[in-house]
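Presented below is the structure to which this report refers.
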Amino acid sequence: MDEKTLIAKRVALELRDGNLVNLGIGLPTLVARYLAPEVNVFFQSENGIVGMTALADEGLVNADLTDAGGSPISAVAGAAAFDSAVSFGLIRGGHLDVTVLGGLQVDQEGRLANWMVPGKMVPGMGGAMDLVSGAKRVIVAMTHTAKGTPKIVKRCGLPLTSVRRVDLVVTELAVIEPTAAGLVLREVAPGVTVAQVQAATEAELIVPEHVATMAVAG
Amino acid sequence: MDEKTLIAKRVALELRDGNLVNLGIGLPTLVARYLAPEVNVFFQSENGIVGMTALADEGLVNADLTDAGGSPISAVAGAAAFDSAVSFGLIRGGHLDVTVLGGLQVDQEGRLANWMVPGKMVPGMGGAMDLVSGAKRVIVAMTHTAKGTPKIVKRCGLPLTSVRRVDLVVTELAVIEPTAAGLVLREVAPGVTVAQVQAATEAELIVPEHVATMAVAG
Amino acid sequence: MKKVIQIAEAVARIPDGAVLMIGGFMGVGTPDGLVDALVSAGRRDLTVIANDTARPGVGIGKLIDAKLVRKVIASHIGTNPETQRQMIAGETEVELVPQGTLAERVRAGGFGLGGILTPTGVGTVVAEGKRTIEVDGVPFLLELPLRADFALVKAKRGDYLGNLDYALTARNFNPLIAMAADVVLAEAEAIVPVGVIPPDAVVTPSVVVDHLVAKEVRHG
Amino acid sequence: MKKVIQIAEAVARIPDGAVLMIGGFMGVGTPDGLVDALVSAGRRDLTVIANDTARPGVGIGKLIDAKLVRKVIASHIGTNPETQRQMIAGETEVELVPQGTLAERVRAGGFGLGGILTPTGVGTVVAEGKRTIEVDGVPFLLELPLRADFALVKAKRGDYLGNLDYALTARNFNPLIAMAADVVLAEAEAIVPVGVIPPDAVVTPSVVVDHLVAKEVRHG
């Protein structure tokens, strides 16, 4: 299993029946593939729909039905379309149960940076700042390091997406829960040791007596 | 012609083809009857519709189509329904060309009081404060006096509806334009003298050299 | 597909003292089944946030008649002499809010805004006790969000997921309150299969609606 | 019944230096006819307020390609390397706004609000130069309204009065910008008789739309 699949399968276990969920572009999108059949969630796309499904099949494409990346999607029966103000009303108003986002850095206080690298990449925050500020639960799905450099750091060097503490960080090495006390190591990936996780992490980790092995969706 | 009809017919001349207009409950509602056939205006009702027409005929009543007073109305082809936030977005956002409202008092600065009489009548401001603050043009349609007491006063004793200066006051005696300099007497009703208007008015009126005789709609 | 409950069951969840947002404008677009059931159940000390209190015997007026309301936040009570009587007698507290401001305050509550700046009410008694904030030299009132424990919504159609649409001027505050309460109860004139309301016609998305309430149906 | 004009006529009204709001999200729901005509006409020094600049060759990206844009106010330019190049080269000014904040700022401009308070961006670079206002001890950013000289709207259907509806995710910013500009130009996929869009299906009421633009039709 490659690392992205591992991460997506672990995140999938966090989604509950009936949740309204927004998946960021890229890795987070993969999460939708690994939901258990008995877990029905509604996917929101911030460009204005609740009830999106995976990419549209060949021959079923409609130019007016796309995800936030501009890719053609399908919609379930009972989907609802709305404008951008309503879309972010759902996000900011506490109606969104879970957002899964990629990350560039997460720091010791659980704060996420994921929208720019000054001087190198200034794509804009899109909906990320609203999603992190507004969702009931924020899950960061990212690789543990970037070309060997830790992404879980003492203090974000990159501009923050929000000062809000995220709820969970899932990487190919570990599941980490940011708390008021600090970053708590909850799970390690199969075959990975606590020491290996700490070695790949710049921030200090709080290591409880029991650290589970990461479960992943079927 | 009774005084309400006279007022309504004079106000009708202020509406222009294509205007979006909100008529307050009571006297202002009468204005719709006296529009020239070539003047097509859209009437907004603040409970959520553009394109309302007069009261619904017997047998054409629908419980879900009413004016702001709760009376059954009809709608023109091309009417649009919307929620209360959009309705007041149209009002506050400068999209409403004209509002015609009743008044309890107008003062020398052109400020309207029309929503409460402390200790006696506290109906609430409903949409009046938004209408006076937001409409491009505010026309007050009211009787000149109340049981002999002037309603156009030096300073409103009743709580203000808005600090915004209204654009025109039409009574059965006169048409008065509030300006930065004060209340300018523009027209007197047929058979009424300037002196009679001033006698029925507590506020000082600016009387230009030429004061026209009030025109009224056919 | 779990959303339809009986009106009595819906009302049983609403405790004395609850803060309710109720749709409707002079009774049009008010969920009468839920209101009647509240009266039957005798829920007391309610706070009601709504455009108006209609008339005695009509819509929200029935809650006023039955003296179940401790506080009203509304834009207008002029059509209901009983509300005015209770206010003057000190039996019911009334907070009057300009209608457009009420709409924005409810929307802000549902949309996660900390408040909005409006020109409406500047320099009037409505401004008392509120912060005035200048933007480019123009004064605005800072108006704060409103939220409720329950929203009682009247819809034209509701599907079994909870998607709602509305009819003409019965829409009014309904879509706004549907976003701004912890529990959203919707009374629809017709309950329809999922998919019958097309995505572009849905006004309130199902995800904010907790329960559709069924009309009481008598068999036999 | 006066609203339909030719695209060329519509674009002729837009001067160099105009501030435009343009609908669309990654090109979906962008009025391509109007954009193409702007490119053909070579309108310069435009300010564009929109969710994003799509990709080179797509939607608003065509205005970027043609170097007609002096300033962009958007939530995202990451999918258009040419916008990023122009920004870094100092040829185009870019103001980045969180997407939900952009939606509310445009809405505030069209709804006559002086601003809105949002939690989004507090404590980040987005807060720089902005007022922070506390409500019950919680900090919010005061975000100010946006307005434009022209809104270029893409609709599904427009009737001859100017009532509009929208298709699925092509709706996005379109109904918001239709309220927030001095002149509103709407490009509809279909122009239909008055009454075909029922009152409850109208999303943008005719009274805010100045002109529908007709597709160029070639005869013979």
Side-chain angles (χ1 to χ4, degrees), chain A residues 25 45-52 62-75 79-94 109 111-113 115-116 118-134 156 158-164, chain D residues 23-29 51-55 58-59 72 74-80 83-84 87-88 94-104 106-108 111 118-127 139 154 156 166-178 189 203-204:
Chain A
I25 297 171
S45 186
E46 64 266 33
N47 52 329
I49 195 160
V50 163
M52 67 175 282
N62 180 289
D64 293 329
L65 184 54
T66 56
D67 66 15
S71 301
I73 55 171
S74 293
F82 33 75
D83 69 38
S84 297
V86 172
S87 194
F88 282 86
L90 288 169
I91 290 168
R92 210 192 298 101
E109 294 180 55
R111 301 181 306 185
L112 171 67
W115 71 280
M116 76 175 283
K120 282 180 71 177
M121 182 188 76
V122 190
M125 66 295 284
M129 285 191 173
D130 296 285
L131 284 160
V132 177
S133 299
C156 286
L158 299 175
L160 293 177
T161 304
S162 172
V163 293
R164 176 244 179 94
Chain D
F25 196 114
M26 289 295 294
V28 177
N51 181 64
D52 56 65
T53 56
R55 296 188 298 273
V58 172
V72 173
S75 80
H76 200 271
I77 59 167
T79 51
N80 192 327
T83 310
Q84 295 189 64
M87 176 181 70
I88 290 163
V94 176
E95 179 182 338
L96 291 169
V97 181
Q99 203 167 117
T101 300
L102 185 63
E104 287 296 322
V106 172
R107 180 181 181 277
F111 277 54
T118 178
T120 302
V122 168
T124 76
V125 295
V126 165
K154 172 71 184 294
K156 180 170 63 174
Y166 303 93
L168 298 165
T169 57
R171 186 183 301 207
N172 55 70
F173 279 76
N174 281 299
L176 304 171
I177 67 172
E189 280 177 37
V203 177
T204 296

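In the text below, chain A, chain B and the rest are named by the order of the sequence lines, each starting its count at 1.
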ask   = Among D:Arg107, D:Glu104, D:Lys156, who wins on heavy-atom pairs under 4.5 Å with chain A?
value = D:Glu104
message = Given heavy-atom pairs under 4.5 angstrom as the criterion, report whether the side chain, backbone, both or neither of D:Ile77 touches chain A.
response = both
ask   = Is there a donor-acceptor contact under 3.5 Å from the side chain of A:Ser87 to the main chain of A:Glu46?
value = yes
ask   = Is A:Met129 close to D:Gln99 at the side-chain level, that is, under 4.5 Å between some pair of heavy atoms?
value = no
task = Identify which of A:Ile49, A:Leu131, A:Thr66 forms the greatest number of heavy-atom pairs closer than 4.5 Å to chain D.
result = A:Thr66
key: pair A:Leu90-A:Val50: side-chain heavy atoms closer than 4.5 Å   = yes
Selection from D:Gly123, D:Gly100, D:Gly78, D:Ala103 maximising heavy-atom pairs under 4.5 Å formed with chain A = D:Gly100
request  = Could you tell me whether the side chain of A:Asp83 and the main chain of D:Pro175 form a donor-acceptor pair under 3.5 Å?
outcome  = no
Under 4.5 Å from a heavy atom of chain A, the part of D:Phe173 involved = both
request  = Please state whether the side chain, the backbone, both or neither of D:Glu95 comes within less than 4.5 Å of a heavy atom of chain A.
outcome  = neither
request  = Using non-hydrogen atoms and a 4.5 Å limit, figure out which bit of A:Ile91 sits close to chain D: side chain, backbone, both or neither.
outcome  = neither
message = Restricting to non-hydrogen atoms, name the atom on A:Ala113 and the atom on A:Cys156 that form the minimum distance, rounded to 0.1 Å.
response = CB-SG, 4.1 Å
ask   = Which one of D:Val97, D:Ile88, D:Val203, D:Thr83 has the most heavy-atom pairs closer than 4.5 Å to chain A?
value = D:Val97
message = How close do D:Asn172 and D:Gly23 get, counting heavy atoms only, and between which atoms?
response = OD1-C, 4.2 Å
Heavy-atom proximity to chain D below 4.5 Å, by part of A:Thr161 = backbone
ask   = Between D:Ser75 and D:Asn51, does any side-chain donor sit less than 3.5 Å from a side-chain acceptor?
value = yes
Chain D interface, residue from A:Gly89, A:Gly127, A:Gly48 that has the most non-hydrogen pairs under 4.5 Å = A:Gly127
key: side chain to side chain contact (heavy atoms under 4.5 Å, CB included) against D:Arg55, all qualifying residues, sequence neighbours excluded   = D:Met26, D:Val58, D:Thr79
key: Residue, of A:Ala68, A:Gly70, A:Ala63, that accumulates the most heavy atom pairs under 4.5 Å with chain D   = A:Ala68
request  = Give the member of A:Gly134, A:Ser162, A:Ser133 that has the highest number of heavy-atom pairs under 4.5 Å with chain D.
outcome  = A:Ser133
